[in-house]
Amino acid sequence: MSDSETPKQASARRTRGAQTAGPQAQQHLLRAADELFYREGVRAVGVDAVVERAGVNKMSLYRQFSSKDDLVMAYLERKDEQFFGYVERSFAKHPGEPAKQLQQYVDDLAVRASVDHYRGCPFVNVSVEFPDAAHQARQFVFRNKARLMERLTELAAAAGADDPVTLANALGLIIEGVYAASQTYGPGCGPILAAPKVAAQLIAAACGTAAAPSDG
C-alpha cells in the first residue's frame, strides 16, 4: 500500500488483482505500461510499478509476457496501432484529395503537440533510451518510421509532386521537428505553430497546389 492509499483502496486493488489474473490481465497490464512508459520512460519504470498500476500480481505479468523486453515490444505494438489510427483519421478528412491529406496530418499533429503534458513521439523516446541500433525496440522504431514515410510518399505521388520522395522527406523532417520542439520549447511553442505553414509552402511548391493550413 502506498502512503496515499487508504486501506479500502488497497483492498480494492488486491481484489482487482485476483479478478484479473486471467484473460483480462493482459489488457490491464498493457494500459498500465502504455501510461507509465510514455509518461516516465521505459527504462525508468520497473515491472513492479506496472503491476501495481495494473492492479494485478506479478505472476500474472509473467504469464502474459516472458520479460520486460517482451512487455516493451507489446507496448510499442499498441502505440504503433494508435499512431497509425491518428494518421489515417487525418487523411480520411479529405478523401481523394492527397495534397489536403498531407496538410491535414501536419495540422492535426500541431494541435496534438500543443496539449499540456504532451510527451512527444513514443517511438523517438524509445529510440533515445535504447542506443543499440540492433536492439529489437530500435528496429521496431525504424519500421514505424519507414511505414509513415511510405504513406507520405504515396500521397505525395498521388498529389502530383514533382519529386514525391523529396516532399515526403521534407514533411518527415517537419514532423520530427514538431516532436522535438514539443519537448524542448514546450507544447504549443512557436516552432510547432509554424509547422503547418511551412508544410503548406512545401506542398504547394512541390505539387503546384494552393494547400493551406486549416484553422484547426
Inset, instruction - Using side-chain contact (heavy atoms from CB on, under 4.5 Å) as the criterion, list what pairs up with V87, not counting sequence neighbours. - result: F83, F84, F91, Y105, L148
Legend entry - side-chain contact (heavy atoms from CB on, under 4.5 Å) against A133, all qualifying residues, sequence neighbours excluded: R138, F142
Inset, instruction - Could you tell me whether the side chain of Q139 reaches within less than 4.5 Å of the side chain of R143, counting heavy atoms only? - result: yes
Legend entry - same_hphob_cluster(Y118, L193) at 4.5 Å side-chain heavy-atom cutoff: no
Legend entry - K79 (side chain) donor-acceptor with C121 (main chain) under 3.5 angstrom: no
Legend entry - pair P196-Q103: side-chain heavy atoms closer than 4.5 Å: yes
Inset, instruction - For R147, enumerate each residue passing the salt bridge (charged side-chain N to carboxylate O under 4.0 Å, His left out) test, keeping only those at least two apart in sequence or located in another chain. - result: D80
Inset, instruction - Would you indicate whether the side-chain heavy atoms of Q26 and F65 approach each other to under 4.5 Å? - result: yes
Inset, instruction - Could you list the residues that satisfy side-chain contact (heavy atoms from CB on, under 4.5 Å) with K93, not counting sequence neighbours? - result: Q104, D108
Inset, instruction - Compute whether any side-chain donor of one residue and acceptor of the other, for D34 and Q82, lie under 3.5 angstrom apart. - result: yes
Legend entry - Under the side-chain contact (heavy atoms from CB on, under 4.5 Å) test, residues paired with V165 that sit two or more places apart: T153, D163, N169
Legend entry - Closest non-hydrogen atom pair between G186 and I192, with its separation: O-CD1, 3.9 Å
Legend entry - Selection residues 33-62 - residue pairs positive for ring-ring contact (aromatic ring centres under 6.0 Å, His included), sequence neighbours left out: F37-Y75
Legend entry - Side chain proximity check, H135 to D69, heavy atoms < 4.5 angstrom: yes
Inset, instruction - Would you please say whether a donor-acceptor pair under 3.5 Å links the side chains of S60 and N57? - result: yes
Legend entry - Check: Q24 and Q27 side chains under 4.5 Å, non-hydrogen atoms: no
Legend entry - L167 side chain reached by L102 side chain, heavy atoms, under 4.5 Å: yes
